[in-house]
Amino acid sequence: MNLTSEKLPTNPFYSSIIAQYASKNPKHLQWRKENTDQYRHAHLVEKALKILKERIIRGDSLAYFLRGQLYFEEGWYEEALEQFEEIKEKDHQAIYQLGVMYYDGLGTPPNAEKGVEYMKKIIESPCPKVRHLQFAAAYNLGRAYYEGKGVQRSDVEAERLWLFAADNGNPKASVKAQSILGLYYATKEPKDLEKAFYWHSEACGNGNLESQGALGLMYLYGHGIRQDTEAALHCLREAAERGNVYAQGNLVEYYYKMKFFTKCVTFSKRIADYDEVNDIPMIANVTECLPEFITRGIAMASFYHARCLQLGLGINKDEAAAKHYYSKACRLNPVLADELHCLIIYQRI
């Protein structure tokens, strides 16, 4: 698994400064909707920065963090890093963000050891104001042990930290840890599919999109639970509607195998045409699904779309277009493409 860091947990007293500005200035927001060419996101950012500067001048200590967070949200990582470094002795949220930035190399060369150090500070802090950060920090530290970056690799320690972070399915804990535990138990050797199903169920119940798609597949193939096609399609379709690309790719495969070729072609074309350079990072950011599975979903849709074009199933034959989509599937996920090609050889698809 190629994991990603958990985003900064929401503080009950904190929301995006742009959202704060917009909510306090509804007329400005409405005017923006009506005049999108003149009143863009950049104007809101400019206004927010102006407000924060005024608050800093008045001595508002929280405004320092909010400015750093605004820089972070806008992708201005060097400015964010500088701001968080300036206030790290007084603000635990700044320490958390520094841990993420050093580990992932945002605005600075990657420094996993420093990232781990900051996450440990959050976990070990006795301050009650840090409570909402500790589950997420434990997930991130578990990731470090799983990947062996900044610490000696240890699946045992990774699992321990993720279990702490998941907190028995607590919706206020790390839902990302709950989902990753589902993936972990489904992929480790030996597999523990019943535990995988349990944790995906907990994460899905808490709104996790990745786990909703995973549950659909577990129901579809009877992994860790009795096979239930109706439940599988319910999970997969709902996850697909919410933007889970891997669920979308698996629905394409299901439609093909059930010989719903027109539906397969229409659905697969939209997924196969995602731009691998720009769309995958954007989808991962919006849905919080792992890029690895987004890529796999696109590759799957590309392969089945190519197969329909090659055979003229639900669409006119087009060898040149079929070759294009076969190539895209091979480029995105050569192992998956090879597996599907074997199914063609054995006349199973």
> Looking only at side chains, do Tyr246 and Glu210 share a donor and an acceptor under 3.5 Å apart?
no

> Any sub-3.5 Å donor-acceptor pair from Asn244's side-chain atoms to Leu209's backbone N or O?
yes

> OH of Tyr64: more than 12 outside heavy atoms within 6.0 angstrom?
no

> Does Arg67 use its side chain to pair, donor to acceptor, with the backbone of Leu52 at less than 3.5 Å?
no

> Have Thr4 and Lys176 got a donor and an acceptor in their side chains that come within less than 3.5 Å?
yes

> Using atom types as modelled and distance alone, determine if a side-chain donor or acceptor of Asp167 lies under 3.5 Å from a backbone N or O of Phe135.
no

> Are the side chain of Ser201 and the backbone of Phe197 linked by a donor-acceptor contact shorter than 3.5 Å?
yes

> Establish, from distance only, whether the side-chain atoms of His41 and Glu74 form a donor-acceptor pair under 3.5 Å.
yes

> Has Lys53 got more than 12 heavy atoms of other residues, nucleotides or ligands less than 6.0 Å from its NZ?
no

> Between side-chain atoms of residues 331-349 and protein atoms elsewhere (two or more places apart, or another chain), which donor-acceptor pairs fall under 3.5 Å?
residue, atom, partner, partner atom, Å
Arg331, NE, Glu276, OE2, 3.0
Arg331, NH2, Glu276, OE1, 2.8
Asn333, OD1, Val335, N, 3.4
Asn333, OD1, Leu336, N, 2.9

> Strictly below 4.0 Å, N to O, side chains only: are Lys114 and Glu117 in salt-bridge contact?
no

> Which distance, rounded to the nearest 0.5 Å, do you find between the CG of Asn140 and the OG of Ser5?
4.5 Å

> Just by modelled atom types, is the Gly224 backbone N or O under 3.5 Å from a matching donor or acceptor in the Glu194 side chain?
no

> Does the pair Arg242/Glu238 count as a salt bridge with the N-to-O cut at 4.0 Å?
no

> Between Ser211 and Ala214, is there a donor-acceptor pair closer than 3.5 Å when you use the side chain of the first and the backbone of the second?
no

> Is there a donor-acceptor pair closer than 3.5 Å between any side-chain N or O of Asp104 and the backbone N or O of Leu106?
no

> Could you go through the salt bridge (Lys or Arg N to Asp or Glu O under 4.0 Å) check for Asp273 and Lys328 one step at a time?
CA-CA 10 Å; Asp273 283 343; Lys328 184 169 186 176; 5.4 Å; no

> Taking the six-membered ring of Tyr256, is the NZ or CZ of Arg307 close enough (under 6.0 Å from the centre) and on axis enough (within 45°)?
no

> Quick one about Tyr103 and Glu147 (side-chain donor to acceptor, distance below 3.5 Å, no hydrogens or angles considered), yes or no?
yes

> How far does CG of Leu49 sit from CD of Glu54, to the nearest 0.5 angstrom?
11.5 Å

> When you look at CG of Asn316, are more than 12 heavy atoms from neighbouring residues, nucleotides or ligands closer to it than 6.0 Å?
no

> Short question: side chain of Trp162, backbone of Tyr139 - any donor-acceptor pair under 3.5 Å?
yes

> So which of Gln93, Gln97, His92 actually passes side-chain contact (heavy atoms from CB on, under 4.5 Å) with Ile95?
His92

> For Tyr221 and Gln227, test the side chains for any donor-to-acceptor distance below 3.5 angstrom and give the result as yes or no.
no

> Heavy atoms, side chains only, cut-off 4.5 Å: are Tyr118 and Ile122 in contact?
no

> Hey, is Asp192 close enough to Lys188 for a salt bridge, meaning N to O under 4.0 Å?
no

